[in-house]
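The next block holds one structure in the form of structure tokens; read it before the comments.
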Amino acid sequence: MHMQTLFKMLLKNHHPQGWWPIAGKYHPRDYSCPRNQQQREEIIIGAILTQNTSWKNVEKALEQLRKNKLLSFSALLKCPKSTLATCIRSSGYFNQKAIKLKEIASFFKRNPYFRMLSLEKQREKLLHVHGIGPETADSILLYAFRRPIFVVDAYTKRLFALHGFKEKTYDEIQQRCMRELPHDFKVYNEFHALIVAWGKTQRLNNRKGRKRV
DNA sequence: AGCCAGGCTACCG
DNA sequence: CGGTAGCATGGC
């Protein structure tokens, strides 16, 4: 099956998702976010907090950060690690994530001209930051910087396997998606978000259908 | 009561 | 290279 077909099937079964959520709000068909540096930082912080964690738990952590005026890189850098860990408790792995948040904040402080770099260079530099792997790096590039790069996650791998595609690894799947879809950040934005929407319903269905004693 | 979430690092064979 | 323990909370 062609990737376009898969995309259209997802669009038929789900509404446009309006990623990345800002302050808990989705904005379907509006791809103009982030509108400012503060929103960009919120996206990046969320991208780290959501590593192997449900978005519900991340939202609570983001609210705590917002309430404590910690939802920005400059504030994160000044904040004691233990305070930070307490705020993001609900997102799990809070000690690790407290370190990661400080790492990424420090990275962007040391790289004020990040936006001027080529996409390849940006990705390479992000991957060298402790706590930033391929999915988080690509999420940051796609959703915080509107760069045309496709994000692969656990759901994407499941979807590919389900359709019998031969691509297995992160890079293989990413390359195929980018080869077969327009090189447009809006397309990659919606496609990834739709796959997550699909993945969530998939999980719900599995639960309902599960045999219980 | 488990299993799992919008992963990553470190370490193993 | 591929595989996996550890990290940790909260929803269902």
Side-chain angles (χ1 to χ4, degrees), chain A residues 10 14-28 33-34 42-65 81-82 84-105 107 123-144 149-162 166-174 177 185 188-213:
Chain A
L10 288 170
H14 307 271
H15 299 285
Q17 299 295 305
W19 276 34
W20 188 280
I22 305 276
K25 296 210 164 181
Y26 294 81
H27 38 86
C33 290
E42 176 176 338
I43 293 171
I44 295 169
I45 291 167
I48 287 176
L49 293 182
T50 198
Q51 289 174 356
N52 200 39
T53 300
S54 67
W55 185 252
K56 252 303 194 286
N57 285 358
V58 174
E59 279 182 320
K60 298 181 185 211
L62 288 173
E63 272 323 297
Q64 283 304 306
L65 290 175
K81 201 161 50 180
S82 56
L84 185 48
T86 303
C87 282
I88 64 173
R89 180 179 180 279
S90 68
S91 73
Y93 311 130
F94 47 80
N95 289 315
Q96 308 250 341
K97 285 176 178 174
I99 296 171
K100 295 180 184 184
L101 288 180
K102 281 180 168 292
E103 289 288 330
I104 197 68
F107 168 80
R123 189 169 196 271
E124 182 191 330
K125 296 200 91 173
L126 283 176
L127 287 175
H128 282 155
V129 179
H130 175 86
I132 307 294
E135 183 181 341
T136 310
D138 292 336
S139 292
I140 290 172
L141 291 171
L142 178 60
Y143 291 106
I149 190 151
F150 182 68
V151 178
V152 177
D153 68 343
Y155 292 137
T156 316
K157 290 180 179 169
R158 256 174 254 171
L159 187 62
F160 262 58
L162 218 58
K166 67 171 186 291
E167 292 77 11
K168 306 274 179 223
T169 70
Y170 190 100
D171 292 337
E172 289 167 352
I173 293 175
Q174 182 181 55
C177 289
F185 82 92
Y188 297 149
N189 174 322
E190 201 62 60
F191 193 35
H192 173 67
L194 283 167
I195 289 173
V196 173
W198 166 82
K200 286 178 175 170
T201 64
Q202 192 76 6
R203 207 157 72 74
L204 277 171
N205 290 337
N206 283 343
R207 261 180 214 200
K208 277 191 208 157
R210 180 181 56 172
K211 182 166 49 162
R212 51 195 97 180
V213 179

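Keep in mind it's a predicted model, so treat the numbers as computed, not measured.
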Can A/Asp138 and A/Tyr188 be counted as having a side-chain donor-acceptor contact under 3.5 angstrom? no

Between A/Gln51 and A/Asn57, which is nearer to the 5' end of DNA chain B once each is assigned its nearest nucleotide? A/Asn57

Among A/Leu62, A/Leu49, A/Val196, which one satisfies side-chain contact (heavy atoms from CB on, under 4.5 Å) with A/Trp55? A/Leu62

Under 4.0 Å, heavy atoms only, any strand: does A/Ile132 hit a base, just the sugar-phosphate, or nothing? sugar-phosphate

With no hydrogens and no angle check, just 3.5 Å: does a side-chain donor-acceptor pair link A/Thr136 and A/Lys100? no

Going 5' to 3' on DNA chain C, which nucleotide is the first and which the last to come under 4.0 Å of a heavy atom in chain A? C/dC7 to C/dC12

Between B/dG6 (C1') and A/Trp198 (CH2): distance, integer Å: 13 Å

Using the side chain to side chain contact (heavy atoms under 4.5 Å, CB included) rule, take A/Ile22 and A/Ile43 through it: C-alpha gap first, then chi angles, then the decisive distance, then the call. CA-CA 7 Å; A/Ile22 305 276; A/Ile43 293 171; 3.8 Å; yes

Pick the P atom in B/dG2 and in C/dA8, then give their distance to the nearest Å. 23 Å

At 4.0 Å (heavy atoms only), tell me whether A/Val129 reaches a base, stays on the sugar-phosphate, or touches nothing. sugar-phosphate

Hey, which sits more toward the 5' end of DNA chain C by its nearest nucleotide, A/Asn52 or A/Lys56? A/Asn52

With rounding to whole Å, what would you report as the distance between B/dC4 and C/dA5 at their P atoms? 14 Å

Using a heavy-atom cut-off of under 4.0 Å over every strand shown, decide if A/Phe191 touches base, sugar-phosphate, or nothing. nothing

Run the ring-ring contact (aromatic ring centres under 6.0 Å, His included) test against A/Tyr143 and tell me which residues pass, sequence neighbours left out. A/Trp19, A/Trp20

Partner set under salt bridge (charged side-chain N to carboxylate O under 4.0 Å, His left out) for A/Glu135, not counting sequence neighbours: none

Between atom NZ in A/Lys97 and atom C1' in B/dG6, what is the gap in whole Å? 10 Å

Name the nucleic acid region contacted by A/His130, choosing base, sugar-phosphate or nothing; use a 4.0 angstrom heavy-atom cut-off, strictly under. sugar-phosphate

